[in-house]
Undergrad: 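Encoded as C-alpha cells, here's the structure I'll be asking about.
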Amino acid sequence: MTTTVDGVRSLKYWQGVNQALHQEMDRDERVVLVGEDVGGPGGPYGVTRNLRATFGPNRVRDTPISESTIAGLGIGAAAVGLRPVVELMFFDFCMLAMDQIVNQAAKYRYFTGRSLPLTIRTMSGSGGSYGAQHCQSFEAWFAAVPGLTVVMPSNARDAKGLLKSAIRSDDPTLVIETFGLLTARRDTPVDEDFLVPLGVAETRRSGDDVTVVATGRMVDRSLEAAERAAAGGVSVEVIDPRTIAPLDRTAIVESVSRTGRLVVVQEASAPFSLAAEVCALAAEECFDRLRAAPVRLCADFVNVPTPQDLIEARVPGVDDILAAVTRVTGR
Amino acid sequence: MTTTVDGVRSLKYWQGVNQALHQEMDRDERVVLVGEDVGGPGGPYGVTRNLRATFGPNRVRDTPISESTIAGLGIGAAAVGLRPVVELMFFDFCMLAMDQIVNQAAKYRYFTGRSLPLTIRTMSGSGGSYGAQHCQSFEAWFAAVPGLTVVMPSNARDAKGLLKSAIRSDDPTLVIETFGLLTARRDTPVDEDFLVPLGVAETRRSGDDVTVVATGRMVDRSLEAAERAAAGGVSVEVIDPRTIAPLDRTAIVESVSRTGRLVVVQEASAPFSLAAEVCALAAEECFDRLRAAPVRLCADFVNVPTPQDLIEARVPGVDDILAAVTRVTGR
Amino acid sequence: MPDDDRTPPPADLYRQLLLCRRFEEVVAEQYREGRVPGPLHLALGQEATAVGVCAALRRTDVITSTHRGHHHCLAKGADVDRMMAELLGRRTGYSGGRNGSMHIADPDVGLLGTNGIVGGGLPIATGAAFGLQVQGRDDVAVCFFGEGATATGNFGEALNIAALWALPIVFVCENNRFAELTPSSTHVAGEVWQRAEAYGFPGVRVDGSDVHAVADATHDAVARARAGDGPTLVEVMTYRLSGHYVGDPATYRDEAEAQAWRDRDAVARARAALTGTEAAAVDDEIEELLATAVDRALAAPTADPEELG
Amino acid sequence: MPDDDRTPPPADLYRQLLLCRRFEEVVAEQYREGRVPGPLHLALGQEATAVGVCAALRRTDVITSTHRGHHHCLAKGADVDRMMAELLGRRTGYSGGRNGSMHIADPDVGLLGTNGIVGGGLPIATGAAFGLQVQGRDDVAVCFFGEGATATGNFGEALNIAALWALPIVFVCENNRFAELTPSSTHVAGEVWQRAEAYGFPGVRVDGSDVHAVADATHDAVARARAGDGPTLVEVMTYRLSGHYVGDPATYRDEAEAQAWRDRDAVARARAALTGTEAAAVDDEIEELLATAVDRALAAPTADPEELG
Ligand SMILES: Cc1ncc(C[n+]2csc(CCOP(=O)(O)OP(=O)(O)O)c2C)c(N)n1
Ligand SMILES: Cc1ncc(C[n+]2csc(CCOP(=O)(O)OP(=O)(O)O)c2C)c(N)n1
Ligand SMILES: [Mg+2]
Ligand SMILES: [Mg+2]
C-alpha cells in the first residue's frame, strides 16, 4: 500500500480505525485503550493490532469480560483526567453496560458541569454470520439519550475521521462500527490532522429526484442503486448522516425539500428506528415539499439469522433500493 | 369503596395492578411474583401489598438488588413451567437487565420454538420528583425489539386489564406502568375475567378534526385539552395505543386518514421515540389524506430534573396540547 | 487509644461528625416543610463511616457515593452552602438546584458524585483508580456503597478488575443492615468482607460506631493502595437510624436494636471526649453554619426552568 | 477406583466421550468445506466435563450451556441428527438451520440453550432452579460457563441469589485456561472455586481430564441440591485443545502445555479401559452415527429464507 502524492491512501475500514487510534495515542498521552483482547492479541478481529506494542501495557489494557465495568473504567478514568477509548466488542454486549453508558456517562456533564472525554467503540450490523445475539442494530436507542453523541462510520475514511473527532471531543461519544465492512476500502487521508466533524452528514452523491438516506452497509448499496437509477434517468441524492445523534437535520431537510422524495435505507428494522426519525422529520419539516410518501426500506422485523442467504433475505439489497427509488419517483 | 351494580369500581392505578396480581395468582398457581421489596413490604410504593400474605413466600419473593438476575429468574422459571411476574422497580433499572430482556427473553421462542410466559413490570415517567436516573422514558427501545410485547397502561382500568392479559400471554411482555399515575382513578371492572387485549388501541374520545395519539400521563391531559378544544369548535379524537409493540397501526391509520391531522403527545423526548414512529407511520400510510404536517409534542430533549416546576416545564401541559391542536387545525 | 495521627483532633472530629448529623436533621426539617424536591435518604447513625474514611484521604483522592451520601460529600469537603442550596432546589446549588440529593458532585474536592443507581459507582470508582494508576499519581479512589449493592453485578466485576490490576482503590461497604425496606439477610449471602478473599485481596470488618476504628482500617487500606499493593475491602458495620427515606415509618425495624445503636452513637461519643465548653462551642458553630446555609439557600432563587439540561 | 454407580459402564462412557470428540471434529471438517454458517467454537479436550457432569443428571434436570457447548448438548441427550443439521444450516436442524452453534436448545431433554452471550446463562439457570424449587420438584439446574464468565456481573448475582434461596443448582465452571485469545490470568483474580465460600456454599475443584472425578463431584453437588441444601460450585480444570474458533491459529498457546493435556486425554483414557474389540466397535458405531448425521443433514434443504423469525 503506497501513499499517493496528495497524502491519500486506500485503507480498509479496520485500518482506518487502527490509524486513528495510533495517531491519537501518539498525539495525546491521556488517550488510553481498554477492552477485551484489545491488547496482546490486537483485538479479536485485529482492529487494534500493534497498539500495545507501541504504547505499552499501561495505556493499552486487556480486560476481563465485564462490560459494565469496562464502560465504567472509561467514565472514572475520564473523570480523573484521561481521554479513554473503551471497546465493547459487539453492540449486543453494550446491553450489559447500558446503566454505565446511559445513566452515568451521558449524565456526567449534567450532574457535574464537567466534560467527560470518553469514547466507546462497538460494532454492529449483520455483516458477519454471528447470529441473533451478535448482529443487532439498535443504534436508535443511544440516539434517544440526551448527552450522548453517536456516530456510525460507513467506510474507512469516516471510520478514521469520526473516531479521531470522538477522541478529541469533550463529551461521551459512541462509535458504532460496522462489522460487515471491516475489510471494505475507501481512500483516506493519512494526515494526522484529518478529522471528520461530528454532527455533519455527507452527501455521497448529489441528485434531484429523490433523497436516499442510508447508514452502515446500506450506503455502498445505495450508491450502487443510484448509479443504476441514473442509467434509467432517475437522479438520486445519497446522504450518509454519519453522526446519528445529533442528527444533521439541516442537511436532510434541505435535500428532501429539494427532491420532494425520501427513501431511508438501513439494516436496523423499521419500527422505532433512525428511519422512523428521518421520516418523521421529513413529514414535519418538508410537509409542503413532499411529493410522495416517504419510504422506510429496512431489515424485516425479525431476529438476525446465521446463514448468509437468510441474512441477505432480511436486509435491503441493491435491487430493493432501486425498486424503492423507482416506485417513489413514479417511473 | 363500594362496587357499583354493574361490577365496576373506581380504582386507583396501583389498585388495578394489585387486583390483577391477586386475581391471576389466585387463578393459576404457576403465577409467581419476584422483585425487590415486593413481598414483605408490599413494594416500595405499596403496589404489591398483601400478595405475600395471601400467596406465601414460596410464590412471592423479595430479591436482592440484582436486576439482571431478577429478569433471568423470570426467564428460567418460565422455561421450566411457571408464569412469572418479575418487577424491575424503575425503567431506569432495566438498563441493568437489558441483556436478559433483549438478548435472552425476546429470543427464546426464536431459538427454542417454545413459549416463554414471562411478564416484566416496571415504572417510568417523570411524575415523581426522582430525578434523571429514575424518570426516563425509553419505551421505544423495547418496542424496537422483535419478540417483545410492550404495554403502557395510562389508567387503572388498563393497568389491571393489560397486566392480566400479559400474565396470560405466552410470550414475554413488558408492562411499563406510569409512576406519576399510581394514585389516579378510573372506573374498572372488578370481574376476574376482565381483560384488556394486547395490541389494541383505545379511542378515548372520538373526533373529526385532528387525531391526538397520547401515552401515559399525557392521555388525561389530552382528554382535557380535547374538552377545551371542543368548546372552541375543534373536534379532537384521542387515541391511547395502550400497547406500543405491536402497535395498533390500523387504528391510528384509520383515524388519521379520517381527520387528516396528527399530534402525538408523550413524556418521552421526540428523537427516536414512539412519536417518531407514529409520525412516520402517518406519513407513509396517510400521505394523501394528511392536511397538515404531523406534530410531535414531547418532553424537551434534556435530562429529567428533580423540582416539580422544572419537570412540568419539560413536558407538555394541557395548554401546550390545546395550542398544538389549534395550530394544526389552523384555527 | 486512637492513633493521634490518624484522626483529627477531638474537637475537629466532633465538628465533622456533628456537621453530618445536623446537616441531615436540618434538611429533614426543610423537607417536612415541603421545601426539598425529591426523596431524601438520610444516613443518621452512619456519620462515623464517612468521617472515619475521609480522615485517611487527601483532597486529590476521589470518592464515589450513593443515594444516601450527604455524609460522604460533607466529609470529603463539599461546600455546605452549595449542598444545602442544591437540596433546597436553589440556583446556587451544586447543579443549580436541578438535581438534588441523589446527584451531587464536586470534582474539585474529589467527589465524583452521589448516585441514584445502587452499585452504579462501583465501575466508576474502579475507573478512577485505573486513571490514577495510569497517570502514576499516588492518589487513591474510595468507593462507598451499601451492603445491598454487594448483590449487584457491578460488585463482583469491580472487585475482580481491581484485584487483577492492583488498582489503588478502597471498597467501603457501609453495612447499615437494611436495603430499602428489607434486612440485609434478604440481600447478602455469607459475609461481605469475605468476598475480598476470593479475589486475593484483604477484606476487613470494623465497628462503624467507632470512628477511630474506621479511620485506622482505612488508613491501612489507603497506605496499601498508595504503595501500589492494590485494593482492600472495608466493611463498616453500622446502622441506619433513619428510615429508608424521610417519611418511612420503618415498621420493619426492631426498636431494641435501634436503641442499642443509639446508645453507642459515634456523634455523642465524640462529644463526650470534649469538655462541656468545647462541645458547646462546636455545637454553636455548626448551628450557625447550617442556619446560615439555610438562610442563604432560601434567599436564592429556585432552580431555573429555562435552564434544563 | 471409580464408583460404578456414578459413571456409565466403560463402553458407554467411551461412547459418550468419543461422540463429543468426533462430532466436533466432523463438524470442523464440514466447516472447512464451507458448509457451516457462523463461527464455530470447539471444546476439544473438554469432553470429560460435559460427560462427567451429565452422568449425574436425569432427563428432567435442566442445563444452560455456552457459545462452546456442543459437548454439553450431546451429553445431555440432544439429538445428533438435529444438531448436525442445525450446524450445517439445514431445515431439519433444531431451529430450522437458522441459528447454528450458539443457539441450540432442546427443552425436551432439559437443554435450555447454548448462548452467544458470555455469562448469559447464569441468570437463566438460576431462574430455572428457582422454578424447580417453587414447583417442589427434586430436579436440579446445572449452569455451565467458562472461567472467563466468572468476571461477568451475572456470576456474582447468581451465586448470591442461589445461596440466599438455597436453590437446587450446580454451577459448573469449565476452566479451560483461555477466554478468547487471552489466558485465564487476564480474567480471574484469585481462584474460581473459592468464590463459593464467600457466599457460604461449597466450592470444589476437580481434574477435568478425569471423567470419574468430574462425575463424583457432580453427584455430590446434585445430591446436595436435590436434598434442598442449596448450590455448589464445581470448577473443572481442563484445557481447550482447539483454538477459540475454528481457524484460530492459537499462537498464544504454549505447545508443551497443550501436549501435556493431550497426553492425559480423557477420551484416549476411556478407550484404553476397553478391550481392542470393544473399542473398535464403539469407534465404528460413532463413525457410522456421524456419517449418517452428515448425510441426512446434507440431504435436507438449507434453511428457508421465507421463514425468518
Ligand atoms: C439498580 C437499582 N436498583 C434498585 C434501586 C432502588 N433502591 C434504592 S436504595 C435501595 C437499597 C440500597 O441498599 P444499600 O445498598 O444497602 O444502601 P442503603 O440504602 O442501605 O444506604 C434500592 C433497592 C436503585 N436505586 N438502583
Ligand atoms: C458478554 C460477552 N462479552 C464478550 C463476548 C465475546 N466472547 C466470546 S467467547 C469469549 C471468551 C469466553 O471465555 P470463557 O468464559 O472462558 O469460555 P471459553 O470460550 O473458554 O469456553 C468472549 C470474550 C461475548 N460473547 N459475550
Ligand atoms: Mg444498606
Ligand atoms: Mg475459558
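Proteins come first, then strands; the chains are lettered A, B, ... in the order of their sequence lines, and each starts at number 1.
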Undergrad: Checking heavy atoms, do the side chain of A/Val278, its backbone, both or neither come under 4.5 Å from chain B?
TA: neither
Undergrad: Show the pairs of one donor and one acceptor atom, one from chain B and one from chain A, lying under 3.5 Å apart.
TA:
unit_1, atom_1, unit_2, atom_2, d
B/Asp92, O, A/Asn103, ND2, 3.2
B/Asn103, O, A/Gln133, NE2, 2.9
B/Asn103, OD1, A/Gln136, NE2, 2.8
B/Asn103, ND2, A/Asp92, O, 3.2
B/Gln104, OE1, A/Gln133, NE2, 3.4
B/Lys107, NZ, A/Gln136, OE1, 2.9
B/Gln133, NE2, A/Asn103, O, 2.9
B/Gln133, NE2, A/Gln104, OE1, 3.4
B/Gln136, OE1, A/Lys107, NZ, 2.9
B/Gln136, NE2, A/Asn103, OD1, 2.8
B/Trp141, O, A/Trp141, NE1, 3.0
B/Trp141, NE1, A/Trp141, O, 3.0
B/Phe272, N, A/Glu277, OE1, 2.6
B/Glu277, OE1, A/Phe272, N, 2.6
B/Glu277, OE1, A/Arg296, NH1, 2.9
B/Glu277, OE2, A/Arg296, NH1, 3.4
B/Glu277, OE2, A/Arg296, NH2, 3.1
B/Glu284, OE1, A/Arg296, NH2, 3.1
B/Glu284, OE2, A/Arg296, NE, 2.7
B/Arg296, NE, A/Glu284, OE2, 2.6
B/Arg296, NH1, A/Glu277, OE1, 2.9
B/Arg296, NH1, A/Glu277, OE2, 3.3
B/Arg296, NH2, A/Glu277, OE2, 3.0
B/Arg296, NH2, A/Glu284, OE1, 3.1

Undergrad: Between A/Ala268, A/Ala292, A/Ala97, who has the most heavy-atom pairs with chain B when the cutoff is under 4.5 Å?
TA: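 The answer is A/Ala292.
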Undergrad: Counting heavy-atom pairs under 4.5 Å to chain A, which of B/Cys279, B/Ala270, B/Pro271 comes out on top?
TA: B/Pro271
Undergrad: Looking at chain B, which one of A/Phe93, A/Phe301, A/Phe138 has the largest number of heavy-atom pairs inside 4.5 Å, strictly under?
TA: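 Most heavy-atom pairs within the cutoff with chain B belong to A/Phe301.
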Undergrad: Which bit of A/Val328 comes within less than 4.5 Å of chain B, counting heavy atoms only: side chain, backbone, both or neither?
TA: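 Neither part; nothing is under 4.5 Å.
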Undergrad: For B/Ala283 and A/Ala283, work out which heavy atoms get closest and say how close.
TA: CB-CB, 3.7 Å
Undergrad: Examine whether an atom of A/Leu290 lies under 4.5 Å from a heavy atom of chain B, and if so say whether it belongs to the side chain, the backbone or both; otherwise answer neither.
TA: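 When you check distances to chain B, atoms from both the backbone and side chain of A/Leu290 fall under 4.5 Å.
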Undergrad: Side chain, backbone, both or neither: which part of B/Val145 has a heavy atom under 4.5 Å from chain A?
TA: both
Undergrad: Against chain A, label B/Pro305 side chain, backbone, both or neither, depending on which of its atoms sit under 4.5 Å from a heavy atom there.
TA: both
